[in-house]
Amino acid sequence: MKLNRTFALSSLVLAMGFSAQAQETSTKNTVENNNETMEEILIVGVRQDRVSQGATGLTMELNETPQSISVIGAEQLQNFAANSINDAMKMATGITVEQGETNRTRYTSRGFDIKSTQVDGVGLPNNWGLVTGAMESYGYEKIEVIRGANGQLTGVGNAAGTINYVRKRPTNENEGEVSISVGTYGLKRLQADYSFLLTDSGSWAARVVGAAEGSDSYLDGLENDRTYFSAVVDGQLTGNSTLSFGASHQDANTDGTMWGGLPLSYADGTQAEWDVGTSTTQEWTKWDTLNTTAFIEYTYVFDNNWEIKTTYNYQDSEDQSKLLYLYDASGMFDSETNLGLASLPGRYDTEFSADLFDITAKGEYSLFGQEHELMLGGSISQSTSYSFTNSYNAATTEAYGLAPAFPYALDAIAEPIWGEQTKYADIDVTLKRFFGSTKLNLTSDLFVIAGFNAIDYERTGFSQGVDIDNDESEVSPYLATTYAINDDVNLYVSYSDIYQPQEQYDYDGNFLDPSKGVNYEVGVKTQWLDDRLLATFAVFSAKQDNIATYAGLNASGFTYYKGADQDSQGFELELTGHITDNLNAVFAYTYLDINDDAGDSSHEWEPENVVNFSLDYTLPQLPEFQFGLAGKWQSKTANLASNVKQDSYLLMNAFARWDASEDLSIQANIDNITDEKHITSLANVGFYGSPISGKVSLTYRF
């Protein structure tokens, strides 16, 4: 029997995780066995296995990286049916998902909004740090959360952290899956993922991913649907070079959306209590979004193993909304009649596009008898955003003025007669970066990372009738060291400058000056149970000046902010890995304390204590059965300005899966199994989170 010579060994090499870089290997070997002969095999080059370098841009294992990192992997996403980024981030250590309204979300870490976003390790523009709509997670292999200041990679950053989304790339064989799900509130979902080789040698492959989902909601009047598609092609151009390119597109629509949260504070100071499904929406409200991305990535590996990688990323998004905002304008919200609230309509469209070019060079060099690693790079990103609004006649618009007694019917307030559309903001942002870092191996047990990030930030245009012309430059250093006490225990310490341009306006409509500061972290990482379990303990501290803080409405009725100094400190403990061959676990505890410049406690909406956990177990006697439990407990929180408080609470989700055959599995998920009533955000007072809900999924793999 003769095997396909190139395909046979290239598939084997890929399966073993080897990476053929810039080398041609010729192997000639003849094996006689029952008249079977394997003939000459030639390897010309294969696609490389790619390793995430999200924390420093350098190649390091998680246990030696001098920063706190958590990974939400594909298995965890599948087990707990985390089909949106919001669902995924709720499982991340030290992360709070702030949903102040149904279609906009903030992720916070260590008390502050995460505004630094990466895809495959490349920093992308993220403006306010807002996520608009429910973003699909099925197109990602895993999500890495890097906590703490990380300006070295993203060019800008505060003490919160960075989220790195790792795209699904083609695998090394033809394989795929199709899954259908049904659940409470009319949930219906179809998803498919297929990876296939484009050449017999396996040097080129492609992967396509698609998902479609629609549902009603526990919230009155809310309906959501979204479709998602992505495709990636990955190939070996020569023995030294690889090329990847791909694109994704999401179309999401929401009817019955909420703009702002529930009125939860009466004028007399008492806190209001509503049914879980209560909403401020009306039948005519909507918020529809389109998101398109594309990328090209070229990598060349020299014979001395130095690597140059250049990437181009493109982003484009549009959204259209018709909204109704409900608020207590004059402090007249009466606890007996539920009258006194005012309503404000708004119709807004936005367009955003961005182009980012990034080039890095990385390799090893010898100095003082040791091998060291160096990374240098540069990038330029240009983004443009347009914002439009439609006017209305306030005198004749029912939606402008006093609202009916709350809660009201879904057709209680008529839609305004909208006027012509006008542009109220046109902003161009250019960010140029030059960055570098080196890993100096002082001994076999001690290494130091020294890095820098130099940026030039330009912002021009106009917004809310005010001209914008910002030009800022900054050089930020980064310094860290890791010391291996033994093979299983690493100590580390890191320092990073903080520099964050801000999108918030002052009273006069001008952008606030950037926030600046310093961030420190000291920790220990240990490996247990033959390296199957990783434990991390970290102590962190940050001082940030001029953080944007909500200050009210200016004379024109626009929201304005003022700068405030904030000091934050705390510690984190995380254990993740396999406790036994059948039990996989994540346990994390975060303590956080934030004070203002007067030394008083601030950010009371951020929980002081948070516990995350995730367990999945495979029955040894029945390995086709797997089940698990994940949850998050947080201590009490408050929004003193809104006079709203929330006691500590625990949310838990569960799953069970039966592999009926090698190809077919059935899975059931139950979320909020204790039916805990809770508010989705107190940073910007939100609404009640989902009560107990469930879904059943059928998956076929081929």
Inset, instruction - Would you please test V232 and F245 for side-chain contact (heavy atoms from CB on, under 4.5 Å) and show each step? - result: CA-CA 6 Å; V232 176; F245 55 91; over 6 Å; no
Inset, instruction - Show your working on side-chain contact (heavy atoms from CB on, under 4.5 Å) between E606 and T108 and close with a plain yes or no. - result: CA-CA 9 Å; E606 289 288 341; T108 67; 2.9 Å; yes
Inset, instruction - Report the C-alpha distance between L512 and Y505 in whole Å, list the side-chain angles of each, state the deciding distance to 0.1 Å, and finish with yes or no for side-chain contact (heavy atoms from CB on, under 4.5 Å). - result: CA-CA 6 Å; L512 290 178; Y505 303 95; over 6 Å; no
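Both tests hold for R167 against F295: distance to the six-membered ring centre under 6.0 Å, angle to the ring axis within 45°. Relative to the six-membered ring of F613, K632 misses at least one condition, a distance below 6.0 Å or an angle of at most 45° to the axis.
Close placement of the H678 and Y649 rings is indicated, their centers lying within 6.0 Å of each other.
Relative ring orientation between F80 and F655 is described as perpendicular, the plane-to-plane angle rising above 60° on a 0-90° scale split at 30° and 60°. Ring pair Y312/F357 is tilted by interplanar angle, where 30° to 60° counts as tilted.
Note that the NZ atom of K677 and the CG atom of D275 stand 6.5 Å from one another [nearest 0.5 Å].
Side-chain contact between L629 and I673 is present, with heavy atoms from C-beta onward closer than 4.5 Å. Between I692 and I670, some side-chain heavy-atom pair lies under the 4.5 Å cut-off. The shortest distance between side-chain heavy atoms of Y138 and D193 falls below 4.5 Å.
Among residues two or more places apart in sequence or in another chain, the salt bridge (charged side-chain N to carboxylate O under 4.0 Å, His left out) test is passed with R459 by none. Partners of S70 under the side-chain contact (heavy atoms from CB on, under 4.5 Å) rule, at least two apart in sequence or in another chain, are T93, R147, E574. Residues meeting the ring-ring contact (aromatic ring centres under 6.0 Å, His included) test with W274, sequence neighbours left out: F406.
Looking at L682, N639, V685 one by one, the single match for side-chain contact (heavy atoms from CB on, under 4.5 Å) with Q646 turns out to be L682.
A donor-acceptor pair is defined here as one N or O able to donate and one able to accept, closer than 3.5 Å; such a pair exists between the side chain of Q250 and the backbone of A134. With hydrogens and angles ignored, the 3.5 Å screen pairs a side-chain donor or acceptor of S681 with a backbone N or O of N684.
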